[in-house]
Amino acid sequence: MSVLIAIASAHNTTTTIGQRIAARLATHIPGPVDVRPITEIPASNGIAPYSAVIVGSAIHMATWLPPARKFLTAQQVPLSERPVWAFSVGVPNTEEYAALEREKMEALVRKSVPQLRGHTLFQGRIEREQLAWPVALFFKWFPKSAKFGDFVEWEEVDKWADKVGEEMKEAMKVSK
Ligand SMILES: Cc1cc2nc3c(=O)[nH]c(=O)nc-3n(C[C@H](O)[C@H](O)[C@H](O)COP(=O)(O)O)c2cc1C
């Protein structure tokens, strides 16, 4: 089996998380795991070679990045024919806001991929310099999504990748 991890990232954290998931998946399933930017996946037949897909996007302004949202609608049919998992990367400041963002992002994906097998939200990384002034204002208005630093919890990433690896193995009825 071959697996696609399709990534939408503005400042590379989502890509790094996707790469970590790929390395971890390789210990659960046979076959290649490709991590590719969503923008480089052809609209026509782009996911045809893959038997399972994980889609990951950074959260900006309380939603997925535009190329990730476009991918979900453009690839709705091929995605419906494969097992699909998804993850979001953000910096929610409280457990409550994290739960809200997790729920909202999952609902966004499910609109295009109703058979979605699983979704999670990982803490990401943000520096003050990444914010242009209108976004800095947004952060001021929504302080629950405002904090700065590296919050990536690699153990959480590994845990989720292990779980998905086992579910993938079961879904594809393969054994290593
Ligand atoms: C312009 C901008 C807007 C953001 N908006 C949100 C947001 O609404 N909610 C959130 O949890 N994180 C938000 N973040 C934080 C990013 O999701 C976080 O930095 C993540 O790690 C980005 O991943 P990337 O490095 O792959 O782009 C925002 C970051 C930027 C730069």
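Ligands are counted one by one from 1 in listed order, and the atoms in each one are counted from 1 as well.
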If we only count N/O pairs under 3.5 Å, is [X] in contact with ligand 1?
X	result
Tyr97	no
Gly124	no
Val91	yes
Val89	yes
Glu101	yes

Which one of Leu4, Ile21, Val84 satisfies the side chain to side chain contact (heavy atoms under 4.5 Å, CB included) criterion with Ile54?
->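 Result: among Leu4, Ile21, Val84, Ile21 is the only option passing the side chain to side chain contact (heavy atoms under 4.5 Å, CB included) with Ile54.
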Within 6.0 angstrom of Glu127 CD, more than 12 heavy atoms from elsewhere |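 For Glu127, atom CD is crowded (more than 12 foreign heavy atoms under 6.0 Å).
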Does any N or O in the side chain of Gln115 come within less than 3.5 Å of the main-chain N or O of Leu79, such that one atom is a donor and the other an acceptor?
->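 Confirmed, Gln115 side chain pairs with Leu79 backbone.
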Any donor and acceptor pair, going by atom type alone, linking the side chain of Thr120 with main-chain N or O of Phe87 inside 3.5 Å?
->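 Looks like no, no N/O pair under 3.5 Å.
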Nearest-option assignment for atom 5 (N) of ligand 1, heavy atoms, candidates Gln123, Arg102, Arg125, Met61 |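 The residue whose heavy atom sits nearest atom 5 (N) of ligand 1 is Met61.
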Have a look at Thr13, Ile126, Ile59 and point out the one with the heavy atom closest to atom 6 (C) of ligand 1.
->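 Of the listed residues, Ile59 has the closest heavy atom.
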Would you please classify the geometry between the Trp160 ring and the Phe122 ring as parallel, tilted or perpendicular, with 30° and 60° separating the classes?
->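 Perpendicular: the ring planes of Phe122 and Trp160 meet at over 60°.
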Atom indices of ligand 1, in the order listed, that fall short of 4.0 Å to a heavy atom of [X]:
X	answer
Ala58	22 (C), 23 (O), 24 (P), 26 (O), 27 (O)
Ala10	24 (P), 26 (O), 27 (O)
Ser9	24 (P), 26 (O), 27 (O)
Pro92	11 (O)
Ala62	7 (C), 8 (O)
Thr14	23 (O), 24 (P), 26 (O)

Stepwise side chain to side chain contact (heavy atoms under 4.5 Å, CB included) check, Ser88 with Arg102 = CA-CA 8 Å; Ser88 306; Arg102 194 182 303 115; over 6 Å; no
Do NZ/NE/NH1/NH2 and the carboxylate oxygens of Lys163 and Glu167 come within less than 4.0 Å?
->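 Looking at Lys163 and Glu167, the cut-off is met.
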Quick one: are Thr13 and Phe151 in side-chain contact, heavy atoms under 4.5 Å?
->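 Sidechains of Phe151 and Thr13: no contact.
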What closest approach, in Å, do Pro42 and Gln75 show between heavy atoms, and which atom pair accounts for it?
->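 Smallest interatomic distance, heavy atoms only, reads O-NE2, 3.4 Å.
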What do we get for Asn12 next to ligand 1 when only non-hydrogen atoms under 4.0 Å count, side chain, backbone, both or neither?
->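 Backbone only.
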